[in-house]
Amino acid sequence: MKRKKLVLLVSAVVLIGGYSAGIYANMIQQGEGFTQKEIDNPNIEENQMKIAERVLERTGRTDQYDLEDLQDVTVYVGSEASNSGDDAVVTLNFGPKNTVVAVYRSDGSVYEYVADLGDFYGVKNVRFIPVADLGKDVVIVQERINQSLGSFEETDVVRGYVYDGKKYQSVLNTPEKIQSSWNDIWNKGLNNPSLWRRVTEETESEWIGGEDATFQVTRYQTYLESDDKNETVEPADDTFEQKDERVVVEKFYWSDEWQRFILREAVEKATGQKVAIVENLQASAYQLAGFEDMEDYRIVRKDGTFDYVRKDDLEF
């Protein structure tokens with residue numbers, strides 16, 4: 001009798017194990033997630049195609065991208081809050097301006113799909129920054145943008161996201177590196193003399209996690225001009241002469257009230273309501289080139305709307 005019970009017990013365990021394995025296998029076949037082996041070995045060609053195919057299917061981009069154009073699959077794994085590999089950020093690079101970013105989370109057996117962070121120009125790096133008050137990480141995506149729209153511009157942007165239980169919310173957006181060159185005649189017309197201008201920004205940044213999570217960035221900015229008379233081709237670096245420079249220090253701190261990183265708070269005079277400042281336009285490197293914005297700050301209101309306002313519109 002005992003032998004019979006033992007056989008039945010073993011059979012039940014096998015059945016349950018087989019049933020669970022079947023569920024996980026079915027989930028993966030349907031494009032719902034990845035095995036640990038696939039996450040650990042994203043550079044194997046077979047895994048690359050499987051990962052890319054499932055991400056595109058799950059994010060609804062099957063018709064948007066061709067797998068033949070896939071250049072790279074990168075998986076960033078980790079969670080500094082729990083010191084484990086619970087989170088996986090998957091990036092699919094289909095060339096300039098075409099990088100898909102999605103987030104997966106491990107349930108102990110497979111990595112299940114959580115959210116689509118969107119399309120990026122290119123991803124330089126992904127980090128996980130713990131915020132004690134949240135009990136979770138801020139996912140930091142360093143985006144690299146190279147474009148020629150009004151200027152020859154290369155910019156690295158820090159973008160932060162936090163999962164609110166339903167989707168990832170954007171909680172930080174600020175440049176980390178800039179080199180932008182343009183000719184005066186592009187903005188002022190052909191009747192003006194050719195003058196090449198350039199602004200640059202290099203930064204030193206520090207993340208401080210814990211209860212008072214902050215992101216401090218020191219911006220080293222320069223303004224340069226070149227006497228190269230070619231009106232369409234960007235001049236060589238050694239033709240540019242520095243005309244001005246400055247150092248700007250900014251500190252973004254995590255606000256539980258606003259559920260994002262902000263610079264400071266103020267009261268909007270027109271409404272009498274408190275707002276959070278999320279960008280100081282006067283700290284932009286373009287200010288050195290004489291570009292004076294009509295507005296001084298970018299703010300967010302309690303209803304979640306963003307706006308650009310003048311300093312005189314706010315009371316500190």
Side-chain angles (χ1 to χ4, degrees), residues 97 120-122 142-159 170 172-205 215-252 261-264 266 268-270 275-300 305-314 316:
K97 305 181 182 181
F120 294 73
Y121 273 77
Q142 291 176 280
E143 181 179 21
R144 172 155 289 171
I145 302 172
N146 297 327
Q147 59 183 348
S148 300
L149 299 173
S151 68
F152 295 104
E153 181 177 333
E154 297 179 6
T155 303
D156 290 352
V157 180
V158 175
R159 304 190 188 278
S170 174
L172 178 67
N173 186 336
T174 188
E176 189 177 43
K177 182 178 180 179
I178 297 173
Q179 178 170 302
S180 179
S181 306
W182 68 95
N183 196 299
D184 254 7
I185 62 174
W186 298 354
N187 299 321
K188 299 181 180 179
L190 296 175
N191 293 330
N192 290 273
S194 174
L195 175 63
W196 279 94
R197 300 171 180 263
R198 173 179 286 179
V199 294
T200 72
E201 177 175 283
E202 298 286 343
T203 63
E204 293 178 355
S205 58
F215 174 56
Q216 179 171 303
V217 54
T218 303
R219 307 184 188 278
Y220 300 94
Q221 302 172 346
T222 63
Y223 167 65
L224 309 93
E225 293 180 356
S226 171
D227 57 5
D228 191 304
K229 300 305 179 184
N230 190 309
E231 299 173 357
T232 58
V233 179
E234 184 179 15
D237 291 344
D238 59 8
T239 68
F240 281 93
E241 179 182 354
Q242 183 172 311
K243 299 295 184 179
D244 201 359
E245 64 179 339
R246 70 174 181 175
V247 178
V248 177
V249 179
E250 292 189 295
K251 181 180 287 187
F252 297 84
F261 286 92
I262 68 173
L263 288 167
R264 61 189 299 191
E268 190 174 18
K269 293 180 180 179
V275 297
I277 296 174
V278 297
E279 181 182 2
N280 178 8
L281 301 177
Q282 298 304 311
S284 169
Y286 288 94
Q287 293 291 319
L288 288 177
F291 285 94
E292 295 185 1
D293 294 292
M294 294 181 63
E295 293 83 17
D296 297 300
Y297 299 111
R298 185 172 186 241
I299 64 168
V300 60
T305 60
F306 291 85
D307 204 354
Y308 290 96
V309 300
R310 296 287 295 178
K311 182 177 181 180
D312 293 341
D313 297 332
L314 303 176
F316 296 93

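All values below come from the heavy atoms of this structure, side chains included, with hydrogens, waters and symmetry mates left out.
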Are side-chain heavy atoms of [X] and [Y] found at a separation under 4.5 Å?
| X | Y | value |
| --- | --- | --- |
| R219 | T174 | yes |
| E234 | S226 | no |
| Y297 | K311 | yes |
| E295 | V309 | no |
| L263 | F252 | yes |
| Q216 | V249 | yes |
| L314 | I277 | yes |
| V158 | E176 | yes |

Looking at residues at least two apart in the chain, or sitting in another chain, which of them share a salt bridge (charged side-chain N to carboxylate O under 4.0 Å, His left out) with [X]?
| X | answer |
| --- | --- |
| E268 | R301 |
| E154 | none |
| E279 | none |

Subject >> Pairing of K269 and D313 as salt bridge, 4.0 angstrom limit >> reply: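 Answer for the salt bridge query: no.
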
Original post:
Quick one: side chain to side chain donor-acceptor pair (under 3.5 Å) partners of S205, sequence neighbours excluded?
Top reply: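 S205 satisfies side chain to side chain donor-acceptor pair (under 3.5 Å) with no residue once adjacent residues are dropped.
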
Subject >> Residues that S170 engages under side-chain contact (heavy atoms from CB on, under 4.5 Å), provided they are two or more places apart >> reply: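 Applying side-chain contact (heavy atoms from CB on, under 4.5 Å) to S170 gives Y161.
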
Original post:
Hey, what's the ring geometry for F291 with Y286, parallel, tilted or perpendicular (30° and 60° as the breaks)?
Top reply: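 If you compare the ring of F291 with that of Y286, the planes turn out perpendicular.
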
Subject >> Passing candidate, side chain to side chain donor-acceptor pair (under 3.5 Å) with Q221, options R246, E245, Q287, E202 >> reply: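 Answer after filtering R246, E245, Q287, E202: R246.
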
**OP:** Not counting sequence neighbours, list each pair that qualifies as a ring-ring contact (aromatic ring centres under 6.0 Å, His included) and has a residue in residues 215-235.
**Re:**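 As it turns out, the ring-ring contact (aromatic ring centres under 6.0 Å, His included) pairs with a partner in residues 215-235, which skip direct neighbours, are W207-F215.
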
Subject >> N230 to V233 - nearest heavy-atom pair and separation >> reply: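 That closest heavy-atom pairing would be OD1-N, 3.0 Å.
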
Original post:
Given F152 and N183, is the side-chain contact (heavy atoms from CB on, under 4.5 Å) satisfied, shown in steps?
Top reply: CA-CA 10 Å; F152 295 104; N183 196 299; over 6 Å; no

Subject >> Spacing of OH belonging to Y308 relative to CG belonging to D296, to within rounding of 0.5 Å >> reply: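 The OH atom of Y308 sits 12.5 Å away from the CG atom of D296.
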
